[in-house]
Amino acid sequence: MSRPEQTGRAEWRLSRAEAIAREIERKILESSLPDGSRLGTKEDLRQEYGVAVGTVNEAVRLLETRGVVSAKPGPGGGLFTLRTPGHVRIKHLTLGLREDGVTSANCLAVRDALEEPILMDAATHRTDDDLADLRELLDDMNEQRTDAGKFLRANWAVHRRLAAITPNTVLRVIYNTMLDMIENEIEHVSTDELFTASKTFRTHVALVDAVESQDPARVRRAVRRHSPPTSVVD
């Protein structure tokens with residue numbers, strides 16, 4: 001598979017809720033707000049960002065899941081900051097590398113280096129529900145073979161789901177941040193080699209099969225097959 005062309009503008013944007021959640025995280029970090037600071041209400045956020053109620057609710061859910069804010073109902077309620085988790089600080093520190101001219105190639109090298117520990121943890125800790133989710137994502141990937149952009153997004157969804165299994169928060173955050181930075185740089189995907197899609201799909205099936213097997217040697221072989229020395233965005 002060839003590398004996608006890169007521009008300063010991403011074709012596939014983050015969801016609006018994710019973008020708002022990240023912006024709120026950034027503001028909390030940059031302003032060094034103490035624990036318990038009130039950020040306003042959901043309605044305040046809805047008006048500030050000009051989005052639907054559902055989008056605000058999803059952004060707040062993401063922030064609560066990450067331990068960045070707590071939402072309190074009733075009079076005097078709203079959103080309040082929590083002590084910023086270390087993994088959030090790591091994430092924003094890593095994202096700040098973009099200002100130093102870090103390229104997607106740099107991020108790919110880091111992602112490839114983290115592939116084996118991510119897969120080893122997935123193999124150790126995976127549950128039947130994890131495997132069911134991964135098989136469903138593989139089905140989606142298989143269905144998108146005729147659309148380069150959708151195929152690549154489905155591809156990355158498999159990687160994000162594998163990363164979600166590890167209990168190592170730092171490993172997961174850095175790995176997903178590398179994917180975020182790569183994805184944000186991509187606008188066009190060459191279909192010339194991407195649609196050796198059958199081979200790419202089989203490679204990802206092998207990753208999930210190896211995780212299911214819980215065999216470390218099989219995991220290593222699947223990782224080497226997926227990320228050879230001449231790595232690509234896959």
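Since the model is a prediction, treat every value here as computed from it, not as a measurement. Because only heavy atoms are used, hydrogens play no part in the values below, and waters and symmetry mates are left out as well, while side chains stay in.
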Side chains of His204 and Val208: closer than 4.5 Å at any heavy-atom pair?
no
I'd like to check the side-chain hydrogen bond (donor to acceptor under 3.5 Å, both in side chains) partners of Thr55; sequence neighbours left out, ordered by chain and number.
none
Using a strict 4.0 Å threshold on nitrogen-to-oxygen distance, state whether Arg22 and Glu25 make a salt bridge.
no
Considering only residues two or more places apart or on different chains, which pairs with a residue in residues 200-209 satisfy salt bridge (Lys or Arg N to Asp or Glu O under 4.0 Å)?
Arg135-Asp209
Non-neighbouring partners of Pro117 that pass side chain to side chain contact (heavy atoms under 4.5 Å, CB included), sequence neighbours left out:
Leu171
With sequence neighbours excluded, residues passing side chain to side chain contact (heavy atoms under 4.5 Å, CB included) with Glu64:
Val60, Val69, Ala71
Counterpart residues, side-chain hydrogen bond (donor to acceptor under 3.5 Å, both in side chains), relative to Arg221 (two or more places apart)
none
Given side chain to side chain contact (heavy atoms under 4.5 Å, CB included), test Val68 with Thr81 step by step and report yes or no.
CA-CA 6 Å; Val68 177; Thr81 61; over 6 Å; no
Measuring from Thr166:OG1 to Met120:CE, what's the distance to the nearest 0.5 Å?
12.5 Å
Any donor-acceptor N or O pair under 3.5 Å, side chains Tyr175, Glu115
yes
In terms of relative ring orientation, are His226 and His159 parallel, tilted or perpendicular, with 30° and 60° separating the classes?
tilted
So, using salt bridge (charged side-chain N to carboxylate O under 4.0 Å, His left out) as the criterion, who are the partners of Glu136 when residues are at least two apart?
none
How would you list, by chain and number, every residue that makes a side chain to side chain contact (heavy atoms under 4.5 Å, CB included) with Glu48, sequence neighbours excluded?
Lys27, Leu45
Identify, with sequence neighbours excluded, every residue that meets side-chain hydrogen bond (donor to acceptor under 3.5 Å, both in side chains) alongside Asp44.
Thr41
Can we say Arg220 and Glu116 salt-bridge, meaning some charged N sits less than 4.0 Å from an Asp/Glu carboxylate O?
yes
Identify, with sequence neighbours excluded, every residue that meets side-chain hydrogen bond (donor to acceptor under 3.5 Å, both in side chains) alongside Arg161.
Asp130, Asp133
All side chain to side chain contact (heavy atoms under 4.5 Å, CB included) counterparts of Ala113, not counting sequence neighbours
none
Once you round to the nearest 0.5 Å, how far does CG of Leu63 lie from CD1 of Ile20?
9.5 Å
